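These figures come from a predicted structure and were not determined experimentally. Chain naming here is simple, since letters A, B, ... match the order of the sequence lines and numbering starts at 1 in each.
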Amino acid sequence: MITATSGGGLGDRSDGLPRPYRVASLRQENHRTRTVILDGPVDAEPGQFCMLWLPGLDEKPFSVAAASPAAFTIAAVGPFSRAVHALAPGDRIWLRGPFGRPFQLQGRDALLVGGGYGVAPLLLLASRALAAGHRVRVAIGARGEGDLLLADGFRQLGIDPILTTDDGSQGQRGRVTEALAPLMDADPPDALYACGPHGMLAALADLAGKHRVPAQLSWEAYMRCGIGICGSCEQDGLLLCADGPVLVDDPVLREERS
Amino acid sequence: MSKPDLAVSIAGLRLANPLVLASGIFGTHASLMVRAARAGAGAITAKSAGTQPRSGHPNPSCVDFGGGLLNAIGLANPGAAAEVALLIETRAQLAPLGVPLIASIFADRVENFGRVAAQIAEAAPDLLEVNISCPNVASDFGEPFAGSPATAAAVTAAVRKQVSVPIIIKLAPNVPDLGQIARAVVDAGADAICAINTMPGLLVDLESGQPVLANRTGGVSGAALAPIALYAVYQISAAVDVPIIGTGGVSSGADALRMIMAGATAVGVGSAVYREGPAVFERIATEMAGWLAERDLTLDQIRGRAHGRVLWPEAPSTPPVPHAAARATIPQEHG
Ligand SMILES: Cc1cc2nc3c(=O)[nH]c(=O)nc-3n(C[C@H](O)[C@H](O)[C@H](O)COP(=O)(O)OP(=O)(O)OC[C@H]3O[C@@H](n4cnc5c(N)ncnc54)[C@H](O)[C@@H]3O)c2cc1C
Ligand SMILES: Cc1cc2nc3c(=O)[nH]c(=O)nc-3n(C[C@H](O)[C@H](O)[C@H](O)COP(=O)(O)O)c2cc1C
Ligand code: FES
């Protein structure tokens, strides 16, 4: 049973129109990923996303990687993400949001798992979890060494992330779920928080389910409006932009309900 | 004080309550339409479908400007063939809930309205809504057919000829004479009218000087539309006797009751579903029932009330005027 992280309405939509920011700086993260740091804050919780707009080009959703100042970690894969990479300090960029339901800390012991650019929202989550006194463990998966993202960011927080690569070029070889299986047996966390490709999230949901650990998974979908009205991001009767992107899969709740 | 019955009927079809999920919101997936029905909608309208799949307009395609939404989704839809499958699946899931399904269609030419209608009728929806009023596809299709009595009637007749399911014609607010257009579509065979679609609008970003929507212009919905929708329903109910689904800016029981007082039989809810989620249906219905119960009134007793006039003490008090009788006393058009 997958449910939204909290009941009631679809969240606060007071920030309805795109607001102009300027690019303060850009940081190269890996061969195709840059973090765009803006000149002002965004009042966002970890796991929420914003719609970034370049007038005349496009508008797309990106996870909030840092809130103050606002930052987004973006992989250059197509026309819009490449255009964001091409911005220079001082250039304008607009954003709507934040939107969506964030991660919500459960218990005292957090395991954060990121795949690909899904690591983007986890750095913010890690710093909030540490500030709230949680034990925080982090695992990052990628195809190869060059695709690993933000490992240094976690180290700066004092967390030594578990690294896995499909080709074994750095960290453990194989899928991040395989690397986590022994940890989940020996010392399971109170909750697992993850963002990344669907296959990884599905595997993590299974793993967490087996260990009866609640999983907060951030799913990605093709989004248009970003505010829960157009239906583009439907998944199993939920709108991922409004009911998600973070959905809670709680095996204990699931058993109680069935 | 008994719990008032909110049931209404449109073209012989019973709705447990007058609240209709408006086309284009949650109407893209069976799962979402069922969710709205479970949450208390009296009827469900699917997203408008045309002959061919359309991906709609680029982003930004819908923003909240505070007073409501401006959208140019651009009639994104999977095309009639896929829509038939979607409607069949949805109808099967709505049937056990007792919630009727309204299909919605659009087309680029009068003949094509007949064609899509015939195709969509295969899914046997309870009602068929004909969207002749989307303001967001003018660049593709030209001005909406809702713009003149002649084109509105031509589309209605073309659909009427093809299908036996009762048809609802969805009208636009930005026309010179709504009463005349309403009469034209009813004469051409419309069983009901939905009013209104969104109102054309523009938002400009101050910093770039550019329109906010990629389509440049869009349609205004939500709170900003409420008085315009009330006006339209008032005009239409003065002109024709078919049931009206009053749509535009309804987000509370009070809004819905006002729509019925203006002459509507049922009430469409679209943008409010975005603000509050599908729980909005239950809340609006509860607020309506509470208001009616406190005053010991029924929906029939308040329908069309806005068309009557209050008589002050020196005149003998009159009972609330029912809609049909009230029509005789309405000031017809503003000069
Ligand atoms: C809630 C949410 C949060 C998101 N957060 C981020 C984020 O933090 N960082 C980020 O970079 N993107 C993020 N995205 C994806 C982002 O919105 C765009 O889809 C992405 O930037 C591609 O847009 P584009 O116009 O550049 O390329 P497109 O033309 O849309 O895509 C080009 C091609 O690349 C593929 N593709 C898209 N994204 C990726 C990817 N990451 N890796 C490999 N192939 C890809 C597409 O399927 C397509 O074939 C998020 C999406 C959602 C829904
Ligand atoms: C995002 C969006 C999409 C819409 N799509 C359609 C559509 O496909 N067909 C249609 O007839 N009306 C469409 N409408 C108009 C609504 O059905 C309704 O008439 C209008 O929004 C006014 O009601 P509201 O203020 O309750 O939203 C759409 C409205 C919105 C906001
Ligand atoms: S992106 Fe429009 S409903 Fe989610």
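Only the side chain of B:Leu203 has a heavy atom closer than 4.5 Å to any heavy atom of chain A. For B:Leu69, the part lying near chain A is the side chain, with the backbone staying farther off; criterion is any non-hydrogen pair under 4.5 Å. Within the 4.5 angstrom heavy-atom criterion, only side-chain atoms of A:Arg92, from C-beta onward, approach chain B. Heavy-atom distances place no part of B:Ser221 under 4.5 Å from chain A, backbone and side chain included. The part of A:Met223 that comes within reach of chain B is its backbone (N, CA, C, O), which places non-hydrogen atoms under 4.5 angstrom from that chain.
A salt bridge links B:Asp64 with B:Arg275: at least one charged nitrogen is closer than 4.0 Å to a carboxylate oxygen.
The environment of CZ in B:Arg38 is sparse: at most 12 heavy-atom neighbours from other residues, nucleotides or ligands sit within 6.0 Å.
The aromatic rings of A:Trp219 and A:His198 sit perpendicular, their planes meeting at an angle over 60°, well past the 30° parallel limit.
A donor-acceptor distance shorter than 3.5 angstrom exists from the side chain of B:Asn59 to the backbone of A:Arg224, with no hydrogens or angles considered.
Of the inter-residue distances, the one linking B:Met33 atom CE with B:Thr28 atom OG1 reads 7.0 Å to the nearest 0.5 angstrom.
Counting heavy-atom pairs under 4.5 Å between each of B:Leu70, B:Val34, B:Asp205 and chain A puts B:Asp205 at the top.
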